[in-house]
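The chains referred to below are lettered A, B, ... by the order of the sequence lines, with proteins before strands, and numbering in each begins at 1.
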Amino acid sequence: MTGTSDPPLTDLLQRSAAGDGAARDQVWHQVHDRLRRLAQARLAKESAAQCQPTELVHEAYLKLADLELAPRDREHFYAIAANAMRQVLVDQARARNRAKRGGGQPAVTLNSRFADGAPPVVDVLDIDRAIRALEQADARKARAVVLSYFGGLTDDEVAETLSVSPATIKRDLRTARAWLATALDADH
Amino acid sequence: MQQGDFQRLERWFERALACDAGERDALVRELTERDAELGRRLAAMLAADNRDADPVRGAIGTAVGENTPLPRAIGPFEVIRRLGAGGMGVVYLCRRRDHDFDQQVAVKRLGAAGDSDFARQRLRMERRVLAGLRHPNIAQLIDGGEDDDGTPYVAMEYVEGETIDRFAARQALNVRGRVKLFLALCEALQFAHRNLVVHRDIKAANVQIDRHGQLKLLDFGIAKLLGAVEANTEVPTVAASMTPHYASPEQVRGEPVGPASDIYSMGVLLYELLSGRRPYEINTTRATEVERIVCESAPPALPGRGMADLDSIVACAMHKDPARRYASAAEFGDDLARWLDGRPVHARADSTLYRLQRLVRRHPFGAATTALISVLLIGFGSVMAWQAGELAKQRDAAETEARVANETSDFLIELFAVSDPRESNPADVRARDLLERAAERLPEQLASDPLGRARLMHVIGLAFSNLGDQDRGIELLSQALGLREIHAGPESAETADSLNRLGNIHRRFGRLVEAEPMLVRALQWRQVNGPVDHDLADSYNNVGLLQNDLGHYVQAEQTLRRSIELHRQVGGPETEQVTAPLHNLSLSLRRQGRLDEARTASMEALSIKRAAGDWSLSSLAVTLAALANIERERGDLPAALAHSEESLELREEVFGRDNVMIASGLVTHAEILNALGRSKDAERLTREAVALHESAGTLDSLRAAGVRLALGRLLIAQSRPDAARAVLQPALASAARELPEGSPELERFRAALSEASRQAE
């Protein structure tokens with residue numbers, strides 16, 4: 001659990017749900033921090049490419065939310081965790097790019113020897129940029145994408161979190177997925 | 001993108017999703033007219049929606065995995081760095097810890113997500129497969145086991161190099177260099193197949209050239225041991241992990257695969273290596289789409305001149321039907337080696353049909369609206385029916401001994417192909433002894449397989465006659481014909497083949513009375529029963545030649561034009577096959593006095609032969625001589641002399657100075673020298689030609705008669721009528737024996753003789 005100096009997560013979530021910006025930041029930091037450490041520990045144990053963010057987020061959820069959350073809080077938490085996950089990956093990608101620029105080992109690109117023929121490998125930073133562009137055009141679809149892709153939520157969970165019907169979310173995600181793919185192609 | 005634009009795009013996208021494919025295209029066009037950028041975007045979105053794979057989700061999954069801190073060690077190997085991640089696990093560059101020598105290895109280790117029973121089985125399989133394969137062109141298994149926490153791994157030879165395509169590009173290798181490089185892959189695969197291992201994932205990325213220029217085949221990750229029982233669950237997984245560009249038709253259909261599937265993928269790789277692009281554009285991972293492209297479309301021909309043989313080789317390897325591909329990687333490599341040596345490739349035999357199929361696919365039956373296409377299709381119908389029969393026959397043959405005999409015969413034919421100077425380089429001509437020995441042993445060969453024996457006799461007979469020994473040639477070909485008439489039937493493709501060849505040899509040596517019924521019978525059989533192919537066109541050509549010899553030049557012209565038309569219909573306008581009838585057409589035109597048309601036809605034949613590059617020298621010589629004659633008659637003596645000199649040099653190079661095959665070239669050259677006023681040189685060369693016929697024992701042939709006719713005319717021109725009569729009288733006697741009464745060719749002899757007599761008076 002969190003250290004004694006930190007307010008309990010439940011409180012923070014409830015306060016942030018009520019519009020307390022400072023409380024929301026605190027939740028975010030906690031989640032982000034936990035996720036990052038979790039990701040590293042987990043990955044150090046050797047998790048391969050197939051390791052989905054879903055598992056990490058759920059694990060983070062279990063570790064962080066060792067508490068009874070109201071349904072509304074749980075949804076809120078998912079949203080925060082998904083964004084934190086996205087941020088963890090973006091930060092790491094940036095760090096890696098900095099390391100590359102700084103010399104050292106040339107990175108073996110995934111599409112060279114081991115993933116030839118697979119769909120083109122896309123950088124997380126490009127995805128992040130594309131999602132930002134989507135946020136400008138259609139904020140709800142962007143949120144649905146983050147929840148689904150980085151949070152690993154099911155369509156129904158995304159619908160519940162965003163308070164719209166599952167049918168709408170399915171449509172949103174289908175459109176967003178196609179749109180993101182073209183936005184990524186346009187980058188290349 | 002502005003909110004408004006996005007919402008418009010979304011509305012169009014949702015509308016398009018509700019439509020069928022045709023209506024979608026119309027919608028895209030409609031939007032494109034209003035707003036080109038939005039239209040392009042809509043098309044791209046629909047294409048992305050149509051793909052099964054989701055690049056965004058895939059990339060996020062990869063990103064999570066990529067941030068892995070390195071393990072310090074795997075088993076006895078110290079990890080240096082991560083090389084990449086594959087379908088089942090991560091590959092690390094490692095160094096062996098417990099040895100003095102510093103050996104770098106690539107260690108593949110299952111990841112947590114890949115740690116299923118299935119993945120473990122696969123890795124164990126890879127280990128077992130690799131353990132049995134020790135070959136210089138296969139990346140070697142070094143070790144395998146389980147590390148401290150029980151995760152299985154395999155350690156392989158680390159190949160520090162680049163992929164075969166990049167290597168070839170960086171070294172700027174030419175076509176020959178690329179083919180040579182590829183031969184090592186044939187060896188590696190042949191070795192694997194012989195050890196009952198099918199690789200199943202041959203692609204450029206798995207074929208690396210190391211720092212020493214050595215080719216290494218990598219990644220037996222989805223290899224299969226032939227005969228091993230496959231779990232049903234494996235099929236979709238293999239389908240998902242292979243690369244669609246290289247996948248064979250049977251692979252994309254999820255059918256069981258064997259070595260033939262590797263041969264197919266090798267064909268794709270060779271295509272890529274030779275052309276710089278892949279045979280198919282596959283922009284989709286949707287299984288049904290991939291299957292449609294791979295199983296139904298035909299790859300475009302290899303671009304570039306002089307690639308016809310390599311195109312046939314690639315086409316043979318990439319045949320849709322596994323049974324029609326090269327039977328082994330070794331055969332594939334052998335055919336490439338034949339190409340490198342300038343010998344005829346086996347794949348060529350299959351290619352006529354292949355090209356036809358390609359043509360049929362380009363003109364689907366529903367689109368046959370023009371008269372031309374419907375005319376073509378009549379021919380294609382019979383080809384397709386014939387092909388079906390042929391396939392059935394091949395399948396049956398596989399179970400019988402006849403096939404073994406066929407293979408024996410194939411082997412020998414290959415051996416003898418070398419001793420046919422028309423098909424090979426002068427260096428290979430000294431094969432007469434080999435032929436003699438083979439002919440002596442013939443009676444004991446293939447006693448149980450009369451058709452195989454006939455085939456052998458046929459080929460040896462052809463080789464003899466091509467070497468200038470017509471008697472031995474005719475003897476063997478006649479025996480082959482006899483066997484075929486009995487065992488394949490008088491009305492069979494084999495018999496027609498024998499009649500065509502034998503008739504042509506009789507014709508070539510001037511025995512037109514024997515030649516005519518044979519050539520006509522062969523042509524008739526092929527017109528009625530055979531496919532529209534080069535053989536049919538060849539029959540027309542031989543009959544046209546006969547008509548030329550008989551002096552029926554107008555008929556000959558028609559027959560030869562038909563031959564040209566058929567060759568082009570089958571092999572395209574520039575097909576090398578068309579050069580023979582073109583050459584012969586120029587002869588009929590010349591005899592009709594249409595010299596400019598004759599020159600055009602002859603030049604066309606010459607340019608196709610020269611463009612083909614590896615065209616046989618003697619054939620080039622024949623066309624050059626014909627052109628020389630035409631130029632002489634047109635009065636362009638310098639051009640005539642140049643063509644004739646080149647022709648004679650080529651003939652001497654192939655046959656040697658004292659071979660009867662150069663006699664006609666000597667006469668051509670002599671006639672030009674005579675026209676230039678060098679009558680003594682002309683006489684000397686012509687007498688040389690007569691002497692060659694004398695020592696070859698062909699002095700009473702129609703050919704020799706033609707040479708003596710030329711000599712007689714030279715002597716008349718020198719006002720030596722007695723000497724002229726002395727050579728013209730026996731010449732007329734032989735000609736009268738071979739040519740029917742009233743033939744204009746025969747008249748040429750009579751005219752010369754009566755002129756000599758007038759001069760004597």
Side-chain angles (χ1 to χ4, degrees), chain A residues 39-40 42-53 55-56 85-86 88-90 92-93 95-96 105 108-110 112-124 126-127 130-131 133-134 136-138 141 145 148-150 171 174-186, chain B residues 1-3 5-7 9-10 13-14 17 41 44-49 51 53-69 71 81-91 109-114 149 151 163 203-206 208 218-219 242-246 285:
Chain A
Q40 272 165 5
R42 175 73 183 277
L43 295 168
K45 249 183 76 193
E46 181 49 86
S47 118
Q50 291 88 344
C51 177
Q52 289 301 323
E55 301 169 44
L56 286 180
M85 188 70 213
R86 173 183 171 191
V88 166
L89 293 176
V90 167
Q92 287 176 339
R96 205 169 49 241
Q105 293 286 4
V108 174
T109 53
L110 268 178
S112 65
R113 186 185 311 180
F114 294 98
D116 189 55
V121 173
V122 187
D123 194 80
V124 173
D126 293 333
I127 294 172
I131 290 174
L134 184 59
Q136 299 296 311
D138 189 323
K141 286 191 180 60
V145 163
S148 168
Y149 284 25
F150 290 96
R171 232 180 10 253
R174 187 169 179 185
T175 307
R177 187 189 115 163
W179 188 88
L180 283 175
T182 65
L184 290 166
D185 282 346
Chain B
M1 176 168 282
Q2 299 300 310
Q3 264 182 16
D5 279 349
F6 182 87
Q7 278 154 12
L9 191 58
E10 184 183 3
F13 180 68
E14 286 181 357
L17 289 185
R41 203 74 188 240
M45 280 178 70
L46 289 169
D49 186 67
R51 282 198 295 261
D54 183 344
V56 176
R57 203 177 280 284
I60 294 167
T62 305
V64 172
E66 259 191 349
N67 294 300
T68 317
R81 68 185 155 95
R82 185 186 146 102
L83 288 171
M88 291 189 308
V90 182
V91 182
R109 182 179 187 242
L110 282 188
D149 55 4
T151 313
T163 59
K203 55 186 178 185
N206 281 338
Q208 302 255 336
L218 309 182
D219 204 355
M242 81 199 176
T243 313
H245 286 102
Y246 296 90
T285 54

Original post:
About how many Å separate OG1 of A:Thr182 and CG of B:Leu9, when rounded to the nearest 0.5 Å?
Top reply: 7.5 Å

**OP:** Go through A:Trp179 and B:Phe13 one step at a time and tell me if the side-chain contact (heavy atoms from CB on, under 4.5 Å) criterion holds.
**Re:** CA-CA 10 Å; A:Trp179 188 88; B:Phe13 180 68; over 6 Å; no

**OP:** Examine whether an atom of B:Leu17 lies under 4.5 Å from a heavy atom of chain A, and if so say whether it belongs to the side chain, the backbone or both; otherwise answer neither.
**Re:** side chain

Original post:
Out of B:Glu14, B:Glu10, B:Met45, which one racks up the most heavy-atom pairs below 4.5 Å with chain A?
Top reply: B:Met45

